[in-house]
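Heavy atoms only: backbone and side chains are in, while hydrogens, waters and symmetry mates are out.
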Amino acid sequence: MLTANILQDFIIRHVTVNRDFEPKQMVGNAGREQYVDEGIVKTIPRQGSGVEDIKVYFFNYGCYLTIAEQKNKLAALGLVPDYYAQIQVNIDDPFFADKYPNSAQWNVDDEKGASYFAFFSHVGERAVGIGRSRRGWRGDWWFAGIRKVS
């Protein structure tokens, strides 16, 4: 059961994910302008193989979150990241990030920051950024996860 202590409602999207694609293929399938560190793209976690139907939960806290806080908030909601499923939402609905800029992070290190991808629109351009940063997240970013399997 999902529990939340947030003011925003969840946005729920159903997607069919092909986990056999390489991370670079997944990002390319989004059809966005890419601002990416190719070395970081390769590290996007794949989480299995084959084709899978998944329900993805997007949430927003409406306030600045540090890297550690974002990770903890996801866990507190009973969610785990599913990077491919989140990318698939942005592939299936290219308008989604126009209204709901969304991001995910992995390889979190207290000193080095976190690897991340971010789907967004800026001045009419749809883009995806992939890199590494020690900065946190402004309150307009949305994050996503799937239910933890017990």
Side-chain angles (χ1 to χ4, degrees), residues 8 10-61 63-149:
Q8 298 286 340
F10 285 105
I11 296 171
I12 302 171
R13 295 294 174 104
H14 300 264
V15 293
T16 301
V17 179
N18 184 341
R19 298 189 185 283
D20 294 331
F21 287 124
E22 293 294 325
K24 184 174 181 153
Q25 289 174 288
M26 284 297 292
V27 172
N29 288 343
R32 294 177 164 262
E33 190 66 35
Q34 296 183 24
Y35 301 97
V36 302
D37 177 322
E38 294 294 337
I40 302 295
V41 172
K42 295 175 187 177
T43 70
I44 296 173
R46 290 177 77 162
Q47 299 163 278
S49 62
V51 176
E52 186 176 7
D53 293 324
I54 300 196
K55 190 184 292 188
V56 186
Y57 296 84
F58 285 84
F59 65 95
N60 172 282
Y61 269 83
C63 63
Y64 177 85
L65 296 175
T66 66
I67 291 169
E69 287 170 334
Q70 188 277 342
K71 182 179 175 184
N72 293 337
K73 298 284 187 190
L74 189 70
L77 293 171
L79 300 172
V80 294
D82 188 317
Y83 308 97
Y84 271 38
Q86 186 171 347
I87 293 169
Q88 191 66 52
V89 168
N90 288 282
I91 291 169
D92 291 352
D93 182 356
F95 301 100
F96 186 75
D98 294 354
K99 188 169 182 181
Y100 307 106
N102 62 93
S103 185
Q105 61 185 30
W106 65 96
N107 293 340
V108 175
D109 180 289
D110 289 340
E111 291 183 23
K112 295 180 182 177
S115 298
Y116 70 89
F117 62 67
F119 286 87
F120 60 96
S121 292
H122 180 67
V123 193
E125 176 184 74
R126 291 191 174 106
V128 59
I130 301 176
R132 190 154 183 88
S133 177
R134 287 184 283 196
R135 292 180 296 195
W137 300 99
R138 294 183 325 251
D140 57 342
W141 285 100
W142 288 73
F143 305 99
I146 60 171
R147 290 183 184 197
K148 282 185 189 178
V149 177

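- Rounding to the nearest 0.5 Å gives a distance of 13.0 Å between CD1 of I130 and OH of Y35.
- No side-chain donor-acceptor contact under 3.5 Å links W141 to the backbone of A118.
- Annotation: cation-pi geometry not satisfied between K73 and F143 (NZ/CZ under 6.0 angstrom from ring centroid, within 45° of ring axis).
- Considering all non-hydrogen atoms of both residues, V17 and V15 come closest at CG2-CG2, 3.7 Å.
- The aromatic ring centres of F96 and F119 sit 6.0 Å or more apart.
- Here E22 pairs with R46 in a salt bridge; the nearest charged N to carboxylate O distance falls below 4.0 Å.
- In this view, V51 and T16, N18 satisfy the side chain to side chain contact (heavy atoms under 4.5 Å, CB included) rule, not counting sequence neighbours.
- The backbone N or O of D98 sits nowhere less than 3.5 Å from a side-chain atom of R126 that would complete a donor-acceptor pair.
- Taking the six-membered ring where the residue is Trp, the centroids of W142 and Y100 are separated by under 6.0 Å.
- D20 contributes a side-chain N or O that, together with a main-chain N or O of G50, makes up a donor-acceptor pair within less than 3.5 Å.
- Of the possible donor and acceptor atoms, one in the side chain of R32 sits under 3.5 Å from a partner among the backbone N and O of F120.
- One distance of note links CD1 of I146 with OH of Y83; it measures 10.5 Å at 0.5 Å rounding.
- A donor-acceptor pair under 3.5 Å is absent between the side-chain atoms of R13 and the main chain of A85, judged by distance alone.
- The minimum heavy-atom distance linking D140 with N60 is given by the pair C-ND2, 3.6 Å.
- Taking a cutoff of 4.0 Å between a charged side-chain nitrogen and a carboxylate oxygen, K99 and D93 do not qualify as a salt bridge.
- For the atom pair I67 CD1 and K112 NZ, the distance stands at 13.5 Å (nearest 0.5 Å).
- Note that CD of Q34 and NZ of K24 are 7.5 Å apart. Values are rounded to the nearest 0.5 Å.
- At a cut-off of 3.5 Å, with distance as the only test, a side-chain donor of W137 or Q105 sits close to an acceptor on the other residue.
- E52 contributes no side-chain N or O that, together with a main-chain N or O of R19, makes up a donor-acceptor pair within less than 3.5 Å.
- Between the Q86 side chain and the S103 main chain, a donor and an acceptor come within less than 3.5 Å of each other.
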**Report entry** I40 and F117: CA distance, side-chain angles, deciding distance, side-chain contact (heavy atoms from CB on, under 4.5 Å) verdict
**Finding:** CA-CA 9 Å; I40 302 295; F117 62 67; over 6 Å; no
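- Of the possible donor and acceptor atoms, one in the side chain of Y84 sits under 3.5 Å from a partner among the backbone N and O of F21.
- The nearest pair of heavy atoms linking V80 to K148 is CG1-CG, 3.3 Å.
- Here the CG-OH distance, from D37 to Y116, works out to 9.0 Å after rounding to the nearest 0.5 Å.
- Contact detail for A97 and N102: the closest heavy-atom pair is CB-ND2, 3.9 Å.
- The nearest pair of heavy atoms linking V56 to A144 is CG1-CB, 3.7 Å.
- L77 CG to N72 CG: the interatomic distance, rounded to the nearest 0.5 Å, is 11.0 Å.
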**Report entry** Full working for side-chain contact (heavy atoms from CB on, under 4.5 Å) between V27 and I44
**Finding:** CA-CA 10 Å; V27 172; I44 296 173; 4.0 Å; yes
